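To start, the structure under review is shown below, and the notes come after it.
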Amino acid sequence: TYEDILPAEGSLIIARKKSNLSLRTLTGSLNTTGKEVLPFQYDGIKVYFLRAIVFTRTGNQFMYGLIDLENKILIPQQYKNIYSIGSLRYAVENFENKMALFTEHGEQVTGFTIDSISSFKKNYAIIHQGLQQGLVDREGRIKLEPTYREVSINDDGSVRARQTDEWIFLNGQNKQYQNKRADTIAAIGKNLLHVTTSGLVQIEDYTLKPRYPTAFSTFGNYSHGKAIFSIDNKYGIARKNGTILLNARYDNLYADHEYFVSNIRRSG
């Protein structure tokens with residue numbers, strides 16, 4: 001009957017089968033007696049404790065939401081992604097690539113101002129805003145403003161924070177004219193700087209204005225006005241003029257003479 005059967009948490013099974021109404025393969029869940037728990041109406045299901053992150057394709061985009069195991073909607077399917085980050089909390093990402101913290105009941109406890117958030121440890125999570133890190137608790141309260149290069153949570157619950165190094169810019173007369181906090185700064189072309197802070201990369205001009213609206217995980221050298229970048233292990237291509245040619249959606253991407261070769265992994 002089923003295309004796939006996979007184990008999930010507890011006595012749940014995730015299964016996929018062909019739709020009777022279309023060519024789609026739909027995902028639902030069963031218990032170990034074969035009784036249907038969640039209906040076969042989703043493109044994917046991820047079960048965490050007594051909740052399930054579900055997603056359905058709308059056009060060319062997957063829409064994510066959160067339900068309980070009675071198929072009751074807790075967070076509607078209108079978001080780019082949802083992640084379980086432990087401690088009965090979920091990171092919800094909107095289509096502006098910003099995240100907010102939600103409870104297991106679907107209650108939003110922070111605004112969509114976070115670029116990324118770690119899993120909870122000792123009831124705290126590390127947040128990234130831009131190239132800086134901070135700390136938030138389970139109730140969404142900011143315990144450390146995101147102004148640090150690095151924040152870590154120790155096993156005993158104590159917190160270690162480190163400020164970013166300060167770089168000083170001198171003009172031709174050896175006079176300081178600006179400064180910036182970063183891990184590394186390197187010139188990569190006329191009026192362009194490769195700035196790394198907390199493991200993230202921004203490309204900035206000599207006035208320290210970002211060339212692109214987002215930070216990158218990696219950013220390669222320009223060739224013929226284009227560079228390959230990655231965000232969370234997905235690859236794309238940026239133009240030197242500050243626009244994105246291909247969004248970060250490819251599992252592999254490399255230059256081959258005047259072409260780019262890429263692949264996308266789907267269903268294994």
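Hydrogens, waters and symmetry mates are skipped; everything else that's a heavy atom, side chains included, is used. Values in this document were obtained by computation on a predicted structure and should not be read as measured data.
Asp155 CG: 12 or fewer foreign heavy atoms inside a 6.0 Å radius. Summarising the local packing, OH of Tyr259 is surrounded by 12 or fewer heavy atoms from other residues, nucleotides or ligands at distances under 6.0 Å. Under a cut-off of 6.0 angstrom, the local environment of OH in Tyr254 is sparse, with at most 12 non-hydrogen atoms contributed by other residues, nucleotides or ligands. Around the CG atom of Asn241, the shell of radius 6.0 Å holds more than 12 heavy atoms that belong to other residues, nucleotides or ligands.
Under 4.0 Å is where a charged nitrogen must lie from a carboxylate oxygen, and between Glu139 and Arg89 at least one such pair does. A salt bridge links Lys98 with Asp115: the closest approach of a Lys/Arg side-chain nitrogen to an acidic carboxylate oxygen falls below 4.0 angstrom.
Judged by the 6.0 Å distance and 45° axis criteria, Lys143 is not positioned over the aromatic ring of Tyr124.
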Could you walk me through whether Glu204 and Lys209 pass salt bridge (charged side-chain N to carboxylate O under 4.0 Å, His left out), step by step? CA-CA 5 Å; Glu204 302 181 2; Lys209 179 181 178 182; over 6 Å; no
Could you please spell out the steps behind the ring pair (Phe, Tyr, Trp, His ring centres under 6.0 Å) verdict for Tyr90 and Tyr79? CA-CA 12 Å; Tyr90 295 86; Tyr79 295 101; over 10 Å; no
Take Ser230 and Thr218 through the side chain to side chain donor-acceptor pair (under 3.5 Å) test and state the conclusion after the steps. CA-CA 5 Å; Ser230 71; Thr218 62; 2.5 Å; yes
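We find the CD1-CD1 distance between Ile153 and Ile126 to be 4.5 Å, quoted to the nearest 0.5 Å. Rounded to the nearest 0.5 angstrom, Ile85 CD1 and Phe120 CZ are separated by 4.5 Å. Separation of atoms CD (Gln77) and CD1 (Ile67) is listed at 8.0 Å; rounding is to 0.5 Å. Atoms NZ and CG, from Lys80 and Asn97 in turn, are 3.5 Å apart once rounded to the nearest 0.5 Å. In this structure, the separation between OG1 on Thr113 and CD1 on Ile142 is 6.5 Å, given to the nearest 0.5 Å. Taken from NZ in Lys234 to CG in Leu253, the straight-line distance is 12.0 Å, to the nearest 0.5 Å.
Residues Arg149 and Asp183 have side chains in contact (heavy-atom distance under 4.5 Å, counting atoms from C-beta outward).
Pairing each heavy atom of Leu69 with each of Ala52, the nearest pair is CD2-CB, 4.5 Å.
A tilted orientation is assigned to the rings of Phe219 and Tyr212, their planes being inclined by 30° to 60°.
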Throw together a table of side-chain donor-acceptor distances under 3.5 angstrom for residues 168-175, partners on residues two or more places apart or in other chains.
from	atom 1	to	atom 2	distance (Å)
Asn171	OD1	Gln173	N	2.9
Asn171	OD1	Asn174	N	3.2
Asn171	OD1	Lys175	N	2.9

Return a table of donor-acceptor pairs under 3.5 angstrom between the side chains of residues 4-14 and protein atoms on other chains or two or more places apart.
from	atom 1	to	atom 2	distance (Å)
Asp4	OD2	Arg16	NH1	2.6
Glu9	OE1	Phe49	N	2.7

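Applying the salt bridge (Lys or Arg N to Asp or Glu O under 4.0 Å) definition to pairs two or more places apart or across chains, those involving residues 35-51 are Arg24-Asp43.
A donor-acceptor pair is defined here as one N or O able to donate and one able to accept, closer than 3.5 Å; no such pair exists between the side chain of Thr110 and the backbone of Gly140. Looking at Asn247, its side chain never comes within 3.5 Å of a backbone N or O of Arg249 through a donor-acceptor pair. Listed for the Asn154 side chain is no donor-acceptor partner under 3.5 Å among the backbone atoms of Asp156.
When Tyr83, Phe102, Tyr42, Phe55 are each tested for a ring pair (Phe, Tyr, Trp, His ring centres under 6.0 Å) with Tyr64, only one passes: Phe55.
Residues Ile75 and Phe112 share a single hydrophobic cluster, defined by chaining ILVMFWY side chains whose heavy atoms lie under 4.5 Å apart.
Between Phe260 and Tyr250, the distance separating the two ring centers is not shorter than 6.0 angstrom.
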